[in-house]
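Heads up, the thing below is written out as structure tokens.
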Amino acid sequence: MLDSGFIRDNVEVVRAGLRSRGLDPDRTLEEIATLETARRRMIPEVEALKRQQNTSGDEVARAKRLGQNTTEVQEANRARAQQIKQLSIQLDSIKHQLQQALLGLPNLPHRSVPVGKSADENVEVRRHGQPRSFDFDPKAHWDLGPELGIIDFERGVKLAGARFTVLSGAGARLSRALINFMLDLHTKEHGYREVEPPFLVNSASLVGTGQLPKFEHDLFKIAGDWDLYLVPTAEVPLTNLHRDEILDARDLPIRYTAYTPCFRSEAGSYGQDVRGLIRQHQFDKVELVKLSTPERSYDELESLTLNAEEVLRRLELPYRTMVLCTGDLGPSMAKTYDIEVWLPSQKTYREISSCSSAEAFQARRANIKFRTAGAAKPEFVHTLNGSGLAVGRTLIAILENYQEKDGSVKIPVALRPYMDGKEAIAPVR
RNA sequence: GGAGAGAUGGCCGAGUGGUCGAUGGCGGUGGUCUUGAAAACCACUGAACCUGUAAGGGUUCCGGGGGUUCGAAUCCCUCUCUCUCCGCCA
């Protein structure tokens, strides 16, 4: 959420920022300006009446103590109470409309973000590792997995439906190994605190991080009389840990990591990545979240991105890091780096992590502030998050990049301690 | 699922219709004292919004919403949450 005062004072900056996302914000901005003006006109009106009412009430109390007649004042107050109530209802309605309009606006891109219309205009910032050259045709994971007997697509469909999958044997073990490997790296070497949050969250949490009110169709909602949704990412519970709190500047930056399953309805993605594990309704992810002061937040974004990349470096998987252009940036985010891992079967780099700063956009929605000793007022924190990494896609990358001509898959050295020293997964006969 | 109790400032805890934003304690910050520290003493110690360059001024907030009243932390209704006991359960 953008600050209405900031919008008022910087309409052109806001307009330009929203346009760079490919939006036409004129009508919304006009609506916001109208509501904001009305709000600021009405508040002093109502407050003046309340003040009269307070003074008058004190007079009644004083007069009653002296045993005087107060009927007239009381009559006047009764009328004024009615007036106050009516105006307050109007004012509340204006505030509500303003809030809804503000919640619907996306974040402004950071000035360092390249301007562009679509993912085609994202810019590569670095690349690591060489895609391996195969002396045979590398298979896709949707062939390798079943041949190894570790991914079962059919039974996933039987149990739940399309875009659900069963991992078993070495597949399930590899997934768990990856989760542990990632959590160990981030907690022991990168300074994150491990958290196990609820996998269901309420709507206030989802408003806080920006999934609601606009993107309800991407979520799985619990049926019945519950205000609960399956988490689409651990970003939601981790960022909301400090919702409605004022933190001490000395405790910042706060770094959290969590493993959670993630649930997404993937509405509107029909026909995309229908084969394999790339796009599922349920997938595992180790998430990184930071709360930072505004001054440090872009340094923190750089280090968070490197923390995520480190997973791929240790696993010796080739990747590249892209900075998303304005047109491809998620609504809540001011700047995003996507990390893309090489997939031999597709002969291309595919997204495996997304590391972003929301600046104060989420903090304003979730009301997360910090106080600096001696400062007059608390300030909003900056929130950052990134996948560190998406487990399913990492598993795919290992299968495809580490496959051998005989159909077996080697296990990356860094992962072997988590696999009882096992060096390879062999195909079933 | 059944029965009961409760929700007040960072924390504990008073307050049952009229200067109550709210007594007191703890914690925190600053100061006095001390070579330093502790103790003791003194002062300060919430947030949001409106107005103002600022200093300042004003309004609101005692879990949320609604009601009664000239006036509500205090009375009524409702919702949410927490706790205790019973039942069930990993």
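Within every chain, numbering begins at 1; the chains are lettered A, B, ... in the order of the sequence lines, protein sequences first and strands thereafter.
A close approach under 4.0 Å does occur between a side-chain nitrogen or oxygen of A:N54 and OP1 or OP2 of B:U60.
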When you look at A:D273 and A:R350, which way does the salt bridge (charged side-chain N to carboxylate O under 4.0 Å, His left out) test go after all the steps?
CA-CA 11 Å; A:D273 301 309; A:R350 290 300 305 259; 3.1 Å; yes
Please step through salt bridge (charged side-chain N to carboxylate O under 4.0 Å, His left out) for the pair A:K410 and A:E316, ending with a clear verdict.
CA-CA 12 Å; A:K410 282 193 177 156; A:E316 300 176 80; over 6 Å; no
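Contacts of A:R371 with the nucleic acid, taken as non-hydrogen atoms under 4.0 Å apart, involve only primed sugar atoms and P, OP1 or OP2. Within the 4.0 angstrom heavy-atom criterion, only backbone atoms of the sugar-phosphate kind lie near A:A81; the bases stay farther away.
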Between the protein and nucleotides 74-82 of chain B, list every N/O to N/O distance that falls short of 3.5 Å.
none

Sort me out a list of protein N/O and nucleotides 49-57 of chain B N/O pairs below 3.5 Å, or just none if empty.
unit_1: B:C49; atom_1: O3'; unit_2: A:R39; atom_2: NH1; d: 3.4
unit_1: B:C50; atom_1: OP1; unit_2: A:R39; atom_2: NH2; d: 2.7
unit_1: B:U51; atom_1: OP1; unit_2: A:R40; atom_2: NH1; d: 3.0

What protein N or O atoms touch nucleotides 17-22 of chain B N or O atoms at under 3.5 angstrom, if any, and at what distances?
unit_1: B:G18; atom_1: N2; unit_2: A:G57; atom_2: O; d: 3.2

Scan nucleotides 64-68 of chain B against the protein and return all N/O pairs shorter than 3.5 Å with their distances rounded to 0.1 Å.
unit_1: B:G67; atom_1: OP1; unit_2: A:K85; atom_2: NZ; d: 3.4

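Summarising the geometry, the separation between CG on A:L87 and P on B:U59 is reported as 17 Å, rounded to the nearest angstrom. When rounded to the nearest whole Å, the span between CD of A:E45 and P of B:U60 equals 16 Å. B:U69 atom C1' lies 9 Å from atom CD of A:Q74, rounded to whole Å. Across the protein-nucleic acid pair, A:R62 atom CZ and B:C70 atom P stand 19 Å apart, rounded to whole Å. Across the protein-nucleic acid pair, A:I84 atom CD1 and B:G71 atom C1' stand 12 Å apart, rounded to whole Å. Rounded to a whole Å, the CD atom of A:Q52 is 14 Å from the C1' atom of B:C70. What separates NZ of A:K50 from C1' of B:A72 is a distance of 14 Å, to the nearest Å. As rounded to whole Å, 17 Å separates atom P of B:C70 from atom CG of A:L49.
One P atom belongs to B:U78, the other to B:C83, and the distance between them is 23 Å to the nearest Å. Taking atom C1' on both nucleotides, B:A7 is separated from B:G15 by 15 Å, rounded to a whole Å. On the C1' atoms, B:U60 is 24 Å away from B:A54, given to the nearest whole Å. Between the P atoms of B:G64 and B:U8, the separation comes to 10 Å (whole Å). Taking atom P in both B:G63 and B:A73, one finds a spacing of 10 Å when rounded to whole Å. Using P as the reference atom, B:A55 and B:A48 are 16 Å apart when rounded to the nearest Å. Remark: the separation of the C1' atoms in B:G25 and B:G9 is 13 Å, to the nearest Å. Atom name P, nucleotides B:G30 and B:A22: the rounded distance is 25 Å, in whole Å.
Scanning for ring-ring contact (aromatic ring centres under 6.0 Å, His included) contacts around A:F220 gives A:H281, with sequence neighbours left out. Taking the side chain to side chain donor-acceptor pair (under 3.5 Å) definition, one finds that A:S297 meets it with A:H382, sequence neighbours left out. Here A:E75 pairs with A:R78 under the side chain to side chain donor-acceptor pair (under 3.5 Å) rule; sequence neighbours left out. A:R19 pairs by the salt bridge (Lys or Arg N to Asp or Glu O under 4.0 Å) definition with A:D26, not counting sequence neighbours. The ring-ring contact (aromatic ring centres under 6.0 Å, His included) search around A:F153 returns none, not counting sequence neighbours. Residues that satisfy the side chain to side chain donor-acceptor pair (under 3.5 Å) test with A:R155, not counting sequence neighbours, are A:D152.
If you find the closest nucleotide of RNA chain B to A:T55 and to A:E75, the one lying nearer the 5' end belongs to A:T55.
One distance of note links CD of A:E266 with CZ of A:R163; it measures 6.0 Å at 0.5 Å rounding. Atom CD of A:Q99 and atom CZ of A:R365 lie 8.5 Å apart (nearest 0.5 Å).
Sorted by first and then second residue, the pairs that involve residues 215-226 of chain A and meet side-chain hydrogen bond (donor to acceptor under 3.5 Å, both in side chains), not counting sequence neighbours, are A:E216-A:Y229.
Between A:Y192 and A:H190, the two ring planes are perpendicular [angle over 60°; tilted spans 30° to 60°].
Using a cutoff of 4.0 Å between basic side-chain nitrogens and carboxylate oxygens, A:E310 and A:R313 are scored as salt-bridged. We find that A:R15 and A:E12 are joined by a salt bridge, their nearest charged nitrogen and carboxylate oxygen being less than 4.0 Å apart.
Between A:S205 and A:N202, the side chains place a donor N or O and an acceptor N or O closer than 3.5 Å (distance only, hydrogens not considered).
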RNA chain B in dot-bracket, Watson-Crick or G-U pairs under 3.5 Å, [ ] crossing, | other strand?
((((((((.[[[..)..(.....]]]((((((.......))))))((((((....)))))).[[[[[..)....]]]]])))))))....
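Within 6.0 Å of the CD atom in A:E196, the count of heavy atoms belonging to other residues, nucleotides or ligands does not exceed 12.
A donor-acceptor pair under 3.5 Å is absent between the side-chain atoms of A:T257 and the main chain of A:R193, judged by distance alone. Between the side chain of A:R39 and the backbone N or O of A:K95, no donor-acceptor pair lies under 3.5 Å.
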